[in-house]
**Student:** 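Please see the structure below; I have some questions.
Please read all numbers here as calculations on a predicted model, not as lab measurements. Residue numbering restarts at 1 for every chain, and letters A, B, ... go by the order of the sequence lines.
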Number of protein chains: 2
Amino acid sequence: MKKSITIKEIAEEAQVSIATVSLVLNKKDKKISEGTRENILRIAQKYNYTPNTMARSLITRQTRTIGLIIPDIVNPFFPEIARGVEDKASQLGYSVIYCNTDDKIKREDKYIHVLMEKMVDGIISAHSADREEGFDGLARCKVPVLLIDRDYDNKNVIGRVLVDNRAGAYQATSYMLKQGYRRIAYIAGCISTATARGRLEGYHQALEDWGIGPEHRYVKVGEYRMQWGIEAAEQLLQEKTPMDGIFCGNDLIAIGVIKKLKEWGLAVPRDMGLVGFDDIYLASLVEPPLTTIKQPNYEMGYRAAEMLIRHIEKLRGEGDTKNESQQTAAESTLFLPTELIVRQSTK
Amino acid sequence: MKKSITIKEIAEEAQVSIATVSLVLNKKDKKISEGTRENILRIAQKYNYTPNTMARSLITRQTRTIGLIIPDIVNPFFPEIARGVEDKASQLGYSVIYCNTDDKIKREDKYIHVLMEKMVDGIISAHSADREEGFDGLARCKVPVLLIDRDYDNKNVIGRVLVDNRAGAYQATSYMLKQGYRRIAYIAGCISTATARGRLEGYHQALEDWGIGPEHRYVKVGEYRMQWGIEAAEQLLQEKTPMDGIFCGNDLIAIGVIKKLKEWGLAVPRDMGLVGFDDIYLASLVEPPLTTIKQPNYEMGYRAAEMLIRHIEKLRGEGDTKNESQQTAAESTLFLPTELIVRQSTK
DNA sequence: CTGAAAGCGCTTACAG
DNA sequence: CTGAAAGCGCTTACAG
């Protein structure tokens, strides 16, 4: 395509060496005379000079690009994260290459390999599922990795930004308790993840703090889908579980529950308290609008990009004390608080 | 960070020249003896060799990376597009850097500049709004640009993938007409775009084909938001416009309309036909589920990536006949059909 | 079949 | 204050 002008050509026109041009263009021009400087800048301007970052990266070993690995941008859980990452990254002068893994470890491996080839400076990953078998992508990764949303153990991980699911579930459950509901069921999504365990713990803790013993029949475990909400609600109602409130693993489940409750002639929140984690951001659109626990997804992405890039630049600053810097870089975990969004009138 | 092994080091260990290593690793090894080949491959494998694409790109002038410019990945309209782009790109061996402009021409310009620096091979852009003033980012862009969803005139544009909004609106309106509705209102979003004009045309055409003259009072123009749906429906009802059906600019509007209709004790589809463009993919979640015109967004992204990359590689094939290739590359426009998704029982 | 060499566009000590 | 030179890791004609 159209070829850009190079510093060599600028040097010729300005009658100076390419070193001088490079110095000026990189603002390391303390010791360059004002005249030369302005002349060079003027010529660069005139030809609309764009530096070739390939050449630069080859020397500096930095690309100012990071990789973002998520399961699926179409899943409404991820766009906010992706946006947070991109906002902070671009603000700090970084670009982001994004990758969809569909939660397949194999695709994740492939992407990590590609990102290594493209020499990204770091990777933010919502790690695929929990299957650790055969997994080595992250391990052989040569750049810092920052985990979001899902925890995972790996030597290249330099930090984590997670949601405080335990506190969120506690918040949801105790909110209903304060509203006067006493027999609160929990319809969970899949339970194998740390996320799900945290939510279950928070739910139990709240009940305990209110002197209510946990009962097995109040907890249903399935998946984060509307259909599961419908089924689980049906089960609970069929089993005649005496309940006056339901805490839902996420809002899709909650929407399903509402549909089922309507069938049975039960209204929210009059006959039944209802709070769900707000994964999908549909809460305000359904009828009645859901009271939810808001996931700090945008912030998660934003903080993740910030932490990762800070780490990258610190590493660079430390220069060649490589091995030690690896160790000193304290691997840190950030737990983001959730927020209760009340959208229903009280009982 | 950890340094990768280079072809030079492989060459040393294999006792051959770096040229030979390069040839083997790039599979241009027709004339390299089997023994040498296998030896090199074995060593590369052993040290987990990862080519430095910076160095390669510097010579080949290709990065196998494309840029994706969209207003906002959080807007539910865009994730499907982004996914389609990424799927096709990665399938063809390309990565994608994505950028959110918030529909601000200034941010778009900045991103285009960054993408030029990173030397992407091409750009897919859902161009910001329709304000052309002061805009020159795309114009000074040095790589092929492919437009999606929104049309725009520019010399660097080598193709477009758009939605056939006219046909979609025609489909929606004539569906309602076939259902027996006769007085169909149109609640539009903003009308300044080609998209909106296409939809209005399709609506008018359908009415005309059924021998129904257009009436001004049946068309309300606002924005693509739920609130506008509520207001517009209120207006239509207040004005006692005799109508039995409403075509909505998108599903957010449709959701607003439903809320208002409920207030007035009107049921969909019994008392009022309703079809909207499915921008947000909420149609199946609301009550009653909406019948909608589905946007082929995933396909739009997918086809866009395909067209762009084909173009890039054709250009490369043509080599240095630069100026001519620019012209011969026929600028093509693809109109994708919409699909009617019926989710309500008939009248 | 394989090697020596030039060069992609830039940065960075090191001289002067 | 500025230039000459080495070099980042690779590809690609061109010799042999």
**Student:** Quick one: which of D:dT11, D:dC10, C:dC10 gets closest to the side chain of B:Ala55?
**Tutor:**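 So the side chain of B:Ala55 is nearest to D:dC10.
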
**Student:** To the nearest 0.5 Å, what is the distance between NZ (B:Lys314) and CD1 (B:Ile158)?
**Tutor:**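 The CD1 atom of B:Ile158 is 8.5 Å from NZ of B:Lys314, to the nearest 0.5 Å.
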
**Student:** What does D:dA13 pair with, Watson-Crick or G-U, if both distances are under 3.5 Å?
**Tutor:**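 In the structure as shown, D:dA13 has no Watson-Crick or wobble partner.
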
**Student:** Tell me: NZ of A:Lys8 to P of C:dC8, nearest whole Å?
**Tutor:**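 My rounded result for the distance is 6 Å.
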
**Student:** Among the nucleotides C:dT12, C:dC10, C:dG3, which one has an atom lying closest to any side-chain atom of A:Thr60?
**Tutor:**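 The nucleotide sitting nearest to the side chain is C:dT12.
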
**Student:** Starting at atom CG of B:Asn52, determine the distance to atom C1' of C:dC10, rounded to an integer number of angstrom.
**Tutor:**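 Those two atoms, CG and C1', are 14 Å apart.
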
**Student:** Measure CD1/B:Ile18 against P/C:dG3 and give the value in whole Å, please.
**Tutor:**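 The distance from CD1 of B:Ile18 to P of C:dG3 comes to 11 Å, rounded to the nearest Å.
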
**Student:** Roughly, in whole Å, what's the span from CD1 in A:Ile59 to C1' in D:dC10?
**Tutor:**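 One finds 13 Å between C1' of D:dC10 and CD1 of A:Ile59, rounded.
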
**Student:** Looking at the side chain of A:Ile7, which of C:dT11, D:dT11, D:dC8 is the nearest nucleotide?
**Tutor:**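 Among the listed nucleotides, the one closest to the side chain of A:Ile7 is C:dT11.
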
**Student:** Quick test of your reading of the model: are A:Arg303 and A:Glu306 salt-bridged, counting only N-O distances below 4.0 Å?
**Tutor:**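 A salt bridge is present here (some side-chain N lies under 4.0 Å from a carboxylate O).
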
**Student:** Ignoring backbone atoms, test whether B:Ser17 places a side-chain nitrogen or oxygen under 4.0 Å from the OP1 or OP2 oxygen of C:dT2.
**Tutor:**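 False: B:Ser17 side-chain N/O out of range (4.0 Å or more) of C:dT2 OP1/OP2.
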
**Student:** If I take atom CD in residue A:Glu117 and atom P in nucleotide D:dC10, what distance separates them, rounded to the nearest angstrom?
**Tutor:**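 The answer, rounded to whole Å, is 11 Å.
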
**Student:** Measure from CD1 on B:Ile10 to P on D:dC10 and round the result to the nearest Å.
**Tutor:**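 Computing the B:Ile10:CD1 to D:dC10:P distance gives 8 Å.
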
**Student:** Verify the distance criterion only: is there a donor paired with an acceptor across the side chains of A:Tyr302 and A:Glu86 at less than 3.5 Å?
**Tutor:**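 No, no side-chain donor-acceptor contact under 3.5 Å.
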
**Student:** Which nucleotide, if any, forms a Watson-Crick or G-U wobble pair with C:dA4, using both distances under 3.5 Å?
**Tutor:**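 Paired with C:dA4, as far as the under-3.5 Å criterion goes, is no nucleotide at all.
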
**Student:** Are OP1 or OP2 of D:dG9 and a side-chain N or O of B:Tyr49 less than 4.0 angstrom apart?
**Tutor:**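 Result: no.
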
**Student:** With DNA chain C as reference, determine whether A:Met54 or A:Ala19 sits nearer its 5' end, using the nearest nucleotide of each.
**Tutor:**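 Whichever sits nearer the 5' end wins; that is A:Met54.
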
**Student:** Could you tell me whether the phosphate oxygens of C:dG9, OP1 or OP2, come under 4.0 Å of any side-chain nitrogen or oxygen in B:Arg61?
**Tutor:**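 Yes, within the criterion.
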
**Student:** Send over the distance from A:Glu12 CD to C:dG9 C1', rounded to a whole Å.
**Tutor:**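 Distance check: A:Glu12 CD to C:dG9 C1' gives 13 Å.
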
**Student:** Starting from P on D:dC8, measure out to CD1 on B:Ile5 and report it in whole angstrom.
**Tutor:**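 Checked: the CD1 to P distance equals 15 Å.
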
**Student:** Looking at B:Arg150 and B:Asp103, does any basic side-chain N land under 4.0 Å from a carboxylate oxygen?
**Tutor:**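 Yes.
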
**Student:** For D:dT2, does either OP1 or OP2 sit under 4.0 Å from a side-chain N or O belonging to A:Thr20?
**Tutor:**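 Looking at the OP1 and OP2 atoms of D:dT2, neither is under 4.0 Å from any side-chain N or O of A:Thr20.
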
**Student:** Determine: side-chain N/O of A:Ser22 to OP1/OP2 of C:dT11, distance under 4.0 Å, yes or no.
**Tutor:**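 The answer is yes; a side-chain N or O of A:Ser22 sits under 4.0 Å from OP1 or OP2.
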
**Student:** Quick check against the 3.5 Å criterion: does B:Asp121 have a side-chain atom that pairs as donor or acceptor with the backbone of B:Thr63?
**Tutor:**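 Looks like yes, one N/O pair under 3.5 Å.
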
**Student:** Mapping B:Val16 and B:Leu58 to their closest nucleotides on DNA chain C, which lands nearer the 5' end?
**Tutor:**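 Per heavy-atom nearest nucleotide, the more 5' residue is B:Val16.
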
